[in-house]
Amino acid sequence: MTAVLEKIGLTRPQVAWRIAQEIDDGSYVNLGIGSPEMVANYVPADREIVFHSENGILGMGEAPAAGQEDGNLINAGKKPVTLLPGGSYFSHTDSFVMIRGGHIDICVLGAYQVAENGDLANWATLDTSKPPGVGGAMDLAVGAKQIFVMMDHCTKTGKPKLMQNCTYPLTGFGVVRTVFTDLAVIDVTEGGFVAREITAGISFEELQEKTAAPLTLAENWQTLTPPEL
Amino acid sequence: MTAVLEKIGLTRPQVAWRIAQEIDDGSYVNLGIGSPEMVANYVPADREIVFHSENGILGMGEAPAAGQEDGNLINAGKKPVTLLPGGSYFSHTDSFVMIRGGHIDICVLGAYQVAENGDLANWATLDTSKPPGVGGAMDLAVGAKQIFVMMDHCTKTGKPKLMQNCTYPLTGFGVVRTVFTDLAVIDVTEGGFVAREITAGISFEELQEKTAAPLTLAENWQTLTPPEL
Amino acid sequence: MSVNITIFKIYPIDQPGLASYSTPMIDKRVDNIAAALGDIQSGAVILSSGFGDAGAPVDLLEALINTGAENLTIVSNNAGEGNYGLAALIAAGKVSQIICSYPISAGSVVFQDRYQAGEVALEVVPQGTLSERMRAAGAGIGGFFTPTSAGTELGKSKENREINGVEHVLEYPLKGDVALIRATQADRWGNIVYDKSARNFGPVMAMAATLTIVQVDEIVELGELDPELIITPGIFVDRVFVHND
Amino acid sequence: MSVNITIFKIYPIDQPGLASYSTPMIDKRVDNIAAALGDIQSGAVILSSGFGDAGAPVDLLEALINTGAENLTIVSNNAGEGNYGLAALIAAGKVSQIICSYPISAGSVVFQDRYQAGEVALEVVPQGTLSERMRAAGAGIGGFFTPTSAGTELGKSKENREINGVEHVLEYPLKGDVALIRATQADRWGNIVYDKSARNFGPVMAMAATLTIVQVDEIVELGELDPELIITPGIFVDRVFVHND
């Protein structure tokens, strides 16, 4: 019996919190534009994570206080940020040397779809009425050491986004390591999707129903229960 | 009749002086290691020439006063230099972006041989008992907008160095624009070597004898008569 | 033996045949935008710095509207926002093509309208490839292999090669006729200093264009800029001028 | 329906399966040369900074003699001078190959002797290509075409291609297992500042090696280095230590 409860699943901040816990101390991390930016808010206090912004910043800090914004100090989403002690500025070209040269430990990206072999679709839909735009997604997809995807488990109309094969144009091939959704933490393995954590209030079978590729439940799986956020 | 006089031909400083006169105000110039370095000493006082050093300096000045040497401020020949106001430091990679990207107006190089089509041989002889070493010669040969060669007209044993075809391994193909020797200023043209200036005390015929490719005398040729140096 | 070798004289250094004296001592300062932009031709490929508004040569782009140059190709990370800068130039009908990585920022309405009307062509290039193609132009690289876009829609028309088991595409240099750059300080040699993340595309565009024009807040005396901190040496710069917003 | 979903608890953030806590907060400082070099393996490819003596990691190279690492490949612009630094390492018999642009400086007697004795192999690479190949390794470029050396002895074994009427050769990345770099200042994040022309190969080697070790004159507090002037950001650096000559 599937009793559909209200508010099953994590809030976006809770997903961001969960991702933040997964990032090792000392990592160099690039956060995609949009929801992934929230990850920076939940880094545990006893870890030092160096955030990279593709426009040419390493050691990016939080948003400035109101009135302290500097138009020359913005992140990849073009929002005002600050620089931490130890931070540095460099050219866009050097910034993509870091990305494409394999120097970024983790990149957290949004996605339209992820396939069970790790294929990533996050730059274009099938809607050709708008111009396409890729930004740094393809560079990050092939360059970062690990790709984490942060996305809703299903589309707004309830369609699965974890697929056997992506139907949207691909950004990169076999690059996704772990998918963090509002319902689960799912690793991409050689054997396909493995649910490592599932949110309270939803069964593995229900999760499988919302996933368009076979799911395996990890032997030591856990319930995903973040703090209230 | 060839009356061999002593001291016919220019001294090295005189050749350097002559080359310096040929460099337009505002030029970016790379001087090869050795004799070409002397060119910097003879820039007319009313011209501003920016000297580039391949190890990462633009706006290189003259040698420091005794006791003022800084081991971190050296030229490509590893000799102490100074930096002029307006000078800058950059990485070796960026320095070769300048060279290979066509940003250097003039490069003055020594040479073993120059061919009438502009081929340059200046990095290796046929002596294989010593290890080869190319330095930046091949980068400069293809990258600089103009290559000037500064060399003796003949080898120490009297053999021509201006050739129909180089017998030594080539550095670059068809790259030399003008050759400045102790005896003449010779342009490399589509029609071969053209003597534009000849030093006092030597005839065109004598110059031809010392040159292993046909020489043309420029219609408006001049006698090459530098100051005492 | 017939050659006259009797002309003995010391060359005056300004004698014809030697270096000309028409060029003044190095001084890349120009008085105003009109002098800076006057010779930009229709059909030019223009590299336009900036990531969003940071480092964007807004005044230069707007001044271009009145120069008579049309049918321009703009290379930039974005396609303009609002109705200023690049968006104004597009709205004025001067732009026929945009080469960029991300033309769909919120607010890039002018571009999107013209694109959908078929008036402005678009080439979308992955952001790192955009930068690297310009660097190749500036550095004399004839082409380079990158895994970015290999196997995707954006790589499908490109030459492919597997290197060490990884699929790559071959990318070619992207050279500009003109670079328009916004920076902070300059000197008369054209040395340039940037501010924070506004540096972004300035250095690579300066080296990748035939004519590089930089608008700064301030021009200082030669020697005042720290030689360790000069990010774009003057060798890459042709004109600098001061124009404060 | 059989799956147990009754485990409700807040994760402690150091729970197994989440990030480990074995790594300390970012601190790339090491106490001494022995700690810096201890894990360099025999057969390693070592990128060694410097142009002549400026920026050369003389102390690091000499300390390598006593680490047990042998059969090393050294990538450097030159092949050592006198009997110190790289020359000392060669004299100690630890170097089996040198990849460089100019091994025939006056004073490179140790190398030349070992080369002629057939004990040290040599690959001569044009200087700009040397730098660019290391940059390719650091930047994720699979290969690049350059006109430098095309048609010459040094280009004859390489793939050729004519691009826009100019002959090019295809060059591949040159990656190091270790980079040994001499610089001026560092902080605990591994940010690096150089001095004048001693910068030379430091930045490119730092990005091109798996393990980058930098010897500096001084380590300063985090935040003391001007973020505009940090030439090698800490992302490219693994270990820094102070050792004054």
Side-chain angles (χ1 to χ4, degrees), chain B residues 33-34 53-58 60 70-83 87-102 119-121 123-124 126 128-143 166 168-175, chain D residues 49-56 77-79 81 98 100-108 111-112 115-116 120 122 124-132 134-135 138 146-155 166-168 182 184 194-205 207 231-232:
Chain B
I33 297 171
S53 187
E54 65 205 46
N55 51 326
I57 310 172
L58 205 59
M60 190 169 49
D70 179 341
N72 284 344
L73 182 43
I74 59 173
N75 67 11
K78 291 148 195 165
K79 291 190 272 294
V81 293
T82 53
L83 189 77
S88 55
Y89 303 114
F90 34 84
S91 71
H92 183 273
T93 315
D94 284 349
S95 183
F96 277 80
V97 166
M98 296 176 190
I99 291 172
R100 293 154 62 113
D119 285 356
L120 171 68
W123 77 281
L126 302 176
T128 56
S129 71
K130 285 184 66 179
V134 69
M138 288 186 182
D139 307 289
L140 287 159
V142 303
C166 296
Y168 285 175
L170 289 183
T171 309
F173 298 82
V175 297
Chain D
S49 68
F51 189 100
D53 287 347
N77 191 55
N78 304 104
E81 293 178 34
I98 290 188
C100 73
S101 84
Y102 201 73
I104 50 175
S105 302
S108 67
F111 164 74
Q112 293 189 37
Y115 171 79
Q116 274 156 2
V120 179
L122 173 67
V124 170
V125 178
Q127 199 175 139
T129 297
L130 186 70
S131 213
E132 194 69 22
M134 287 190 279
R135 182 184 180 277
T146 174
T148 295
S149 92
T152 74
E153 286 290 308
L154 294 184
V166 178
E167 206 61 41
H168 289 67
R182 187 79 173 86
T184 303
Y194 302 89
D195 182 49
K196 306 188 187 74
S197 70
R199 186 186 305 186
N200 58 68
F201 284 92
V204 78
M205 289 180 170
M207 65 172 64
I231 299 299
T232 295

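Sequence lines set the chain letters: A, B, ... in the order given, protein chains first and strands last, and positions in each chain run from 1.
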Query - Donor-acceptor contact present, side-chain S197(D) to main-chain N72(B), <3.5 Å - result: yes
Report summary line: Per-residue tally against chain B (heavy atom, under 4.5 Å) across L122(D), L154(D), N78(D) peaks at L154(D)
Report summary line: Cut-off 4.5 Å, heavy atoms of chain D, and the answer for Y89(B) is both
Query raised in the report: Donor-acceptor pair, Q116(D) side chain versus S129(B) backbone, under 3.5 Å?
Result: yes
Report summary line: If you tally heavy-atom pairs under 4.5 Å between each of L130(D), N77(D), T129(D), V125(D) and chain B, the highest tally belongs to T129(D)
Query raised in the report: With a 4.5 angstrom heavy-atom cut-off, which part of V134(B) approaches chain D: side chain, backbone, both or neither?
Result: both
Query raised in the report: For T171(B), is it the side chain, the backbone, both or neither that has a heavy atom under 4.5 Å from a heavy atom of chain D?
Result: backbone
Report summary line: Comparing S131(D), G128(D), G55(D) against chain B, the one with the most heavy-atom pairs below 4.5 Å turns out to be G128(D)
**Report entry** Heavy-atom closest pair, residues Y115(D) and P132(B)
**Finding:** OH-CD, 3.9 Å
Requested in this report: State the OG1-CE distance between T93(B) and M207(D), to the nearest 0.5 angstrom.
Outcome: 7.0 Å
Report summary line: Cut-off 4.5 Å, heavy atoms of chain B, and the answer for F111(D) is side chain
Query raised in the report: Does T146(D) reach the side chain of R100(B), with side-chain heavy atoms less than 4.5 Å apart?
Result: yes
Query - Partners meeting side chain to side chain contact (heavy atoms under 4.5 Å, CB included) with V81(B) (sequence neighbours left out) - result: I57(B), M60(B), L73(B), N75(B)
Query raised in the report: Checking A137(B) against chain D: side chain, backbone, both or neither under 4.5 Å from a heavy atom?
Result: neither
Query raised in the report: Side chains of T152(D) and P169(B): does their closest heavy-atom pair fall under 4.5 Å?
Result: no
Query raised in the report: Is the backbone of F51(D) close enough, under 3.5 Å, to the side chain of N55(B) for a donor and an acceptor to pair up by distance?
Result: no
Query raised in the report: Checking D139(B) side chain against Q127(D) main chain: does a donor-acceptor pair fall under 3.5 Å?
Result: yes
Query raised in the report: chain B heavy atoms under 4.5 Å from A106(D): which part of the residue, side chain, backbone, both or neither?
Result: neither
Query raised in the report: If you count heavy-atom pairs under 4.5 Å with chain B, which of A198(D), P126(D), P203(D) comes out on top?
Result: P126(D)
Requested in this report: Go through the structure and list residues passing side chain to side chain contact (heavy atoms under 4.5 Å, CB included) with D119(B), not counting sequence neighbours.
Outcome: A115(B), N117(B), C166(B), L170(B), F173(B)
